[in-house]
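Inspection log for the structure reproduced underneath, given as structure tokens.
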2 protein chains.
Amino acid sequence: MRPTIADVAREAGVTKGTVSHVYNGHRPISAPTKERVRAAAKKLGWVPNANASALAGHHTNAVGLVLHKNPDALAVDTFFPVFISGMQAELSQRQVMLAMQVVDSQSAEERAYRSMAHGRADGVVVLDIHRKDWRIPFLAKLRLPAVLMDVPRDYPGFTAVRIDSGRSMEELVDHLRAQGHTRIAHVSGPLDYVHAYERAAAYVRTIGNKELLRQGDFTAQSGRRLTSELLSLSYPPTAIIYSNNVMAIAGQSYAQEQGLRIPEDLALAGFEDDEICAHLNPPLTSVDTGPAERGRLAAQQLVQVVAETFPESVTAPAPVIRYRGSTEGKSPPGDCDPRDV
Amino acid sequence: MRPTIADVAREAGVTKGTVSHVYNGHRPISAPTKERVRAAAKKLGWVPNANASALAGHHTNAVGLVLHKNPDALAVDTFFPVFISGMQAELSQRQVMLAMQVVDSQSAEERAYRSMAHGRADGVVVLDIHRKDWRIPFLAKLRLPAVLMDVPRDYPGFTAVRIDSGRSMEELVDHLRAQGHTRIAHVSGPLDYVHAYERAAAYVRTIGNKELLRQGDFTAQSGRRLTSELLSLSYPPTAIIYSNNVMAIAGQSYAQEQGLRIPEDLALAGFEDDEICAHLNPPLTSVDTGPAERGRLAAQQLVQVVAETFPESVTAPAPVIRYRGSTEGKSPPGDCDPRDV
DNA sequence: CTGTTAGCGCTTTCAT
DNA sequence: ATGAAAGCGCTAACAG
């Protein structure tokens, strides 16, 4: 049988309560007793049973992450591994586990959050918030502590980790304009996602109209399709900003197949920078939103929420635009680019 | 208060035992009773408390993954996200959670496995097996069900998911020889890892000596350093095979900085293909070991192990070599490559 | 500073 | 086919 707290207590000549307190520090224990208990635990190879302690105590030492998406998307999108590694940087220090569940329907998602609330995790990090998101009231009802990523405003009872991506969109447009572009398109993500919406809104605000705005769904396929659609306009754009890199890479590859030179004939930029962007040919300009740091902040906030030291919402460090070859070298109209011969 | 099984029982006019059996099918329940219980549960928003059921029953509906490495490595190495997405493809169907813990020391790793064994998870998947791996006897002692990835032989009481990567090394060497290469180097991973060792062993077997074998550690830095070392030999290699892509990409980038043309002056190939390889300039030849499928198989095996239908060890589909520009176009010695002018 | 004990919410015999 | 009740291993409130 696996050792229980009673075995350790017997071995150390104390009671279960004492052993318990040695491990959670909820009351002072004399040094020699502490030592005896530690020695006994080590000798027997005892670790607290997480289920029993969660059941009795109400802390699981785990945080949850419920992802509503196709498992394949996890493999393609580089945001997740980096975000998760950021979370783990914070969690591994504190020996907190990450309880991850991928679901494929709303009912499964509800069940998953319910089970998190009912003893699986002390709290959750919520990603990909929608503009009208059922999960926020739902989590409130469940009284499940949560950190909301990238919500546009504060929600009572929740803390948030925010990011200002509208600003980056403006900078990107300015940069392209400075290079002489006047027809700048945007391939957005689904506009019911807050992050996609904010980028698109900033785009429309800066450009002044939505003539060249197209709504994609973050997949390579939609990046390709919408690029093709934009390029076959009678008056096509000379620059396209994509709301993520998967779409941008697909767009670049499509444009090159069509014989367009990047950036001379078409400039491209994306959001959610990752290592691949620097290695493309030409390298892709993109916005680094700092996913690792955001993951770390999310975990840090959540740990505090769980500890009942209710933290203020924070804003992640401003995104950084990595300017690369895909937006360089556009000459002002009328000029003649030497490479153009 | 969150609803408990007692609330549901009361609401449905039955006992707790009956509710329990409706949910785990451990004994027949009449249809009408079943319906009443289901309705009551839905009405109250009840889901079984995972801790209580694990404590009483002994199943957690979670599988564990303990990773002993720097969190950053998770972000760089594309193996993990893809492997995990493969696992999730299997787990999400069965509503099984993934309990993930990143640790930074052996003692933390032991604790993590102990806590998995003591109620965190029904079993674990073990990655990055060493040639002499303390975890195997340790897990046996803990009686924690486990699936071992890429072990060279069977271990009594464990099932394994294997892969034949030695064969790919041979093919790669043959391919390079066919293109006229006679000085073929290998930058391996740490040789105490089974996967790195098997590749290196196949290399030595095929080449006949270890003159051009260098031991790296899977980081970009070591890829760069060892490439530099190999290239400054008085009789340097004309081709290098790396044990992972991080090292290969770093090597390619270093070689190009030195003014070498790939593949004319130096051919390169790596293991652990990922999307980035196809987008490099030139695209990198590499071995696709099918991480998603291996993740799926691991999860599938583990689920079976946990269900006590002890499955045979399986071998994953053979790796596929993606031949790309980084190994093409080497002319036989003496010939004159037109591009060489 | 330490001992005692009543649960936490569920599963599972043993009854009926 | 269902009910009753004894724990699973731990925490925390109550004693001392």
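A, B, ... follow the sequence lines: proteins, then strands. Residue 1 opens every chain.
Rounding to whole angstrom units, CD1 of residue A/I5 and P of D/dC8 are separated by 14 Å. B/Y23 places its OH atom 17 Å from the P atom of C/dG9, with the value rounded to the nearest Å. Atom CD of A/E35 and atom C1' of C/dT2 are 17 Å apart (whole Å). One can place CG of A/D7 at 10 Å from C1' of D/dG9, the figure rounded to the nearest angstrom. To the nearest angstrom, C1' of C/dC8 lies 14 Å from NE2 of A/H59.
Of the candidates B/V124, B/V126, B/V125, B/V126 is the only one forming a side chain to side chain contact (heavy atoms under 4.5 Å, CB included) with B/L148.
The closest side-chain donor-acceptor pair between B/D128 and B/H195 falls under 3.5 angstrom.
Counting only residues at least two apart or in different chains, side chain to side chain donor-acceptor pair (under 3.5 Å) contacts with residues 33-44 of chain B comprise B/E11-B/K43, B/S30-B/T33. Legend: ring-ring contact (aromatic ring centres under 6.0 Å, His included) pairs involving residues 135-155 of chain B, not counting sequence neighbours, sorted by first then second residue: B/W134-B/F138. Under the side chain to side chain donor-acceptor pair (under 3.5 Å) criterion, the residue pairs touching residues 116-126 of chain B are B/T60-B/D122, with sequence neighbours excluded.
Dashed line: the shortest gap from a side-chain N or O of A/T33 to OP1 or OP2 of C/dC1 is not under 4.0 Å.
Aromatic ring pairs are classed by plane angle as parallel below 30°, tilted from 30° to 60° and perpendicular above 60°; the pair A/Y23 and A/W46 is perpendicular.
DNA chain C is contacted by no residue of residues 114-124 of chain A, taking any non-hydrogen atom closer than 4.0 Å. Non-hydrogen atoms lying under 4.0 Å from DNA chain D are contributed by A/K16, A/G17, A/S20, A/H21, all within residues 8-21 of chain A. Contacts between residues 46-56 of chain B and DNA chain C, counted as heavy-atom distances below 4.0 Å, involve B/W46, B/V47, B/P48, B/N49, B/A52, B/S53, B/A56.
Rounded to 10 degrees, the angle separating the terminal helix axes of the helix from C/dC1-D/dG16 to C/dT16-D/dA1, each built from five base pairs, is 30°.
By the side chain to side chain contact (heavy atoms under 4.5 Å, CB included) test, A/T159 pairs with A/V147, A/Q301, A/V305, A/P311, A/S313, sequence neighbours left out. Every residue was checked against the salt bridge (Lys or Arg N to Asp or Glu O under 4.0 Å) condition with B/D77, not counting sequence neighbours, and none meets it. Under the rule for a side chain to side chain contact (heavy atoms under 4.5 Å, CB included), the partners of A/Q300 that lie at least two apart in sequence or sit in another chain are A/E90, A/R296, A/L297, A/Q304. A/D72 pairs by the salt bridge (Lys or Arg N to Asp or Glu O under 4.0 Å) definition with nothing, not counting sequence neighbours. Taking the salt bridge (Lys or Arg N to Asp or Glu O under 4.0 Å) definition, one finds that B/K16 meets it with nothing, sequence neighbours left out.
Between A/E110 and A/R135, no side-chain nitrogen of the basic residue sits less than 4.0 Å from a carboxylate oxygen of the acidic one, so the salt-bridge criterion is not met.
You'll find the side chain of B/D150 stays beyond 4.5 Å of the side chain of B/V161, heavy atoms only.
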